[in-house]
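Some notes on the structure that comes next.
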Amino acid sequence: MKNQSVTNNLDWISISIYIALVIMGWLNIYSSSLSSVADETSIFDFGQIYGKQFMFIILSIPLIFVVLSVDGKFYEKFSSVIYVIGLLSLAGLFVFGTEKKGQVNWYSFGSFGLQPSEFVKAATALALAKYLSDVQVNLKDLNRQIQALGILFLPILLIVPHDPGSALIYSVFILVLYREGLPSWYVWTGFIALVLFVLALVVKPLILTGVALLVIVFIYYRSRIINRNWILSGLVFLMVGGFVFSVDYVFTNVFQQHHRDRFNILLGKEVDMKGIGYNTNQSEIAIGSGGLFGKGYLEGTQTKGGFVPEQHTDYIFTTVGEEWGFLGSIFVIALFVCLIIRVIYLAERQKTKFSRVYGYCVAGILFIHFFVNIAMVLGIFPTIGVPLPFFSYGGSGLWGFTILLFIFLKMDANKVNEW
């Protein structure tokens, strides 16, 4: 009787949106991958990209049933174990990983590949939710802040050498921590550091440091006398100056050449529409050519001509823009927004802190993937290889997002049994 009750309380609004996104994602993968074959062929042709994705979708069904059949308390009780297994899977890449497209972020099992970073997002979300749900945790305490941030930085340190784009995703957990009491200066510091980093790439460090000094002096004298602290102001200036002058070194010696090229193209420091800027340029052309209503399904000339590289993966949204037009693109964006808002709504009505925090992690991960991917194909964000959830080709990505979402839906369905 208890299992029946949980099944009846599944949130079918979220599930319906999930199904709609997966189906539309496959339709666009089918269209984008037809550029490599002469005519429309069977969806069961597993030698083709769309056939493989169809197989991944079918295999997602038993995966969902497994996730839902496990008791909701299992994910909380064994969250630490799941997290450690996730870290070990990332560490194993240094020894057993297979290189694909210049990145060693896959395990190969014959013709089948598995990308562990796609699954560790859920593991990290579970670990963070478990830590924050401890009654003794107060994020106003410095030690607790360090411990919470450590949960995030461990997978980041293991992912960065292989896949910097995926590591960026973990920055969204800072917003979850902020929601649970992390001091706001963490968020502001991160935002200001990001702005300074970009500005330091286009403005001379000495000029930028001078502007920063003027701002700090202005804030100092605008503050009430009782709040003025020239030692703190001096330390802030030294930190800002040191950071600004270190950007060039980091950009030159830490970033790889393709990362530098993508930033330079985005900032207008280089114009290379036939080289490193080709993908972004072609994606903008494809989306712009769709107009209001699009060219029609399977009728996209840019898509059929194969002008956009990797269109079935990171650039899948260009197929939507060209063939479904502005209205179709807005519809897809609306579905993602509705799913994210729905998850936030469900998170707010959870009876346990563990479920609530995990729900916010799910919403955050979906949001940053969605936002970065769309911004990337529109040319307002560097190309960093972030897939569009449920849309982009790949079994690891589809299964990772499916597990992430349905663990939360299981928790939400189980809240009728919570006190």
Side-chain angles (χ1 to χ4, degrees), residues 14 79 83 86 117-134 137-157 159-160 163-198 333 336-350 352-376 380-382 384 386-389 400-401 403-405 407-409 411-412:
S14 298
S79 58
Y83 177 69
S117 61
E118 295 295 343
F119 301 95
V120 177
K121 296 166 192 173
T124 304
L126 287 170
L128 191 63
K130 177 63 176 177
Y131 179 76
L132 295 178
S133 61
D134 190 327
V137 171
N138 181 357
L139 288 179
K140 301 299 182 184
D141 180 68
L142 180 60
N143 289 331
R144 295 297 187 179
Q145 295 170 15
I146 294 174
Q147 292 168 8
L149 292 174
I151 294 174
L152 306 184
F153 286 135
L154 282 177
I156 290 175
L157 291 174
I159 292 174
V160 164
D163 189 1
S166 294
L168 174 67
I169 299 303
Y170 287 79
S171 64
V172 79
F173 286 118
I174 297 296
L175 297 179
V176 177
L177 292 174
Y178 172 68
R179 166 66 177 78
E180 296 302 321
L182 187 73
S184 60
W185 70 264
Y186 278 95
V187 178
W188 283 110
T189 299
F191 176 75
I192 292 172
L194 178 61
V195 172
L196 286 174
F197 184 89
V198 175
I333 290 173
F336 275 106
V337 172
C338 287
L339 178 60
I340 294 168
I341 292 176
R342 183 66 182 176
V343 171
I344 293 174
Y345 168 76
L346 295 177
E348 278 297 323
R349 70 176 194 175
Q350 296 304 301
T352 66
K353 188 174 182 179
F354 175 81
S355 298
R356 185 185 76 231
V357 173
Y358 181 79
Y360 269 99
C361 289
V362 174
I365 292 171
L366 292 177
F367 170 76
I368 194 168
H369 266 275
F370 158 73
F371 176 79
V372 171
N373 182 272
I374 300 298
M376 186 178 67
I380 57 178
F381 201 88
I384 57 174
V386 173
L388 188 61
F401 287 119
I403 292 172
L404 178 77
L405 176 64
I407 286 177
F408 176 63
L409 294 182
M411 293 177 185
D412 178 67

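All values below come from the heavy atoms of this structure, side chains included, with hydrogens, waters and symmetry mates left out.
Once rounded to the nearest 0.5 Å, the distance linking CH2 of W188 with OH of Y178 reads 8.5 Å. Rounding to the nearest 0.5 angstrom, the gap separating the SG atom in C361 from the CG atom in L404 is 8.5 Å. Separating the CG atom in L149 from the CG atom in L128 is a distance of 9.0 Å, to the nearest 0.5 Å. Interatomic distance, CZ of F153 versus CZ of F173, reported as 12.5 Å (0.5 Å rounding). The distance from atom CD1 of I344 to atom CG of L366, rounded to the nearest 0.5 Å, is 10.0 Å. Between the CG atom of L182 and the CG atom of L139 there is a distance of 6.0 Å, given to the nearest 0.5 Å.
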Worksheet item: Can L152 and I174 be said to form a side-chain contact (heavy atoms from CB on, under 4.5 Å), step by step?
Response: CA-CA 9 Å; L152 306 184; I174 297 296; 4.1 Å; yes
Practice prompt. With side chain to side chain donor-acceptor pair (under 3.5 Å) as the test, would you mind laying out the steps for Q350 and Y358 before giving the verdict?
Written response: CA-CA 10 Å; Q350 296 304 301; Y358 181 79; over 6 Å; no
Discussion item. Go through it in stages, so that I can follow the logic: the residues are L132 and L177, the test is side-chain contact (heavy atoms from CB on, under 4.5 Å), and I'd like the CA-CA distance, side-chain angles, deciding distance and then a yes or no.
Written reply: CA-CA 8 Å; L132 295 178; L177 292 174; 3.7 Å; yes
Discussion item. Evaluate L339 against F370 for side-chain contact (heavy atoms from CB on, under 4.5 Å), listing each step before the verdict.
Written reply: CA-CA 11 Å; L339 178 60; F370 158 73; over 6 Å; no
Item to complete: Would you please test L409 and L346 for side-chain contact (heavy atoms from CB on, under 4.5 Å) and show each step?
Response: CA-CA 9 Å; L409 294 182; L346 295 177; 4.2 Å; yes
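Residues forming a side chain to side chain donor-acceptor pair (under 3.5 Å) with Y345 (at least two apart in sequence, or on another chain): none. Contacts of Y170 classified as side chain to side chain donor-acceptor pair (under 3.5 Å), with partners at least two apart in sequence or in another chain: none. Taking the side chain to side chain donor-acceptor pair (under 3.5 Å) definition, one finds that S79 meets it with nothing, sequence neighbours left out. Among residues two or more places apart in sequence or in another chain, the side chain to side chain donor-acceptor pair (under 3.5 Å) test is passed with R349 by none.
Listed by first and then second residue, the salt bridge (charged side-chain N to carboxylate O under 4.0 Å, His left out) pairs involving residues 354-376 are E180-R356 (not counting sequence neighbours). Contacts classified as side chain to side chain donor-acceptor pair (under 3.5 Å) and involving residues 147-156 (residues at least two apart or in different chains) are given here: Y131-Q147, R144-Q147.
Each of I374, L388, N373, I341 was checked for a side-chain contact (heavy atoms from CB on, under 4.5 Å) with F336, and the lone residue meeting it is L388.
S171 places a side-chain N or O within donor-acceptor distance of the main-chain N or O of L168, the cut-off being under 3.5 Å. Distance alone, capped at 3.5 Å, places no donor-acceptor pair between the H369 side chain and the I169 backbone.
No side-chain heavy atom of L154 sits under 4.5 Å from any side-chain heavy atom of T124. K353 has its side chain out of reach of K130: every pair of non-hydrogen atoms, C-beta onward, lies at least 4.5 Å apart.
Within 6.0 Å of CZ on F371 lie no more than 12 heavy atoms contributed by other residues, nucleotides or ligands.
Shown here for A129 and V357, the closest heavy-atom pair between the two residues is CA-CG1, 3.6 Å. In this structure, Y83 and P155 approach most closely via the heavy-atom pair OH-CD, 3.5 Å.
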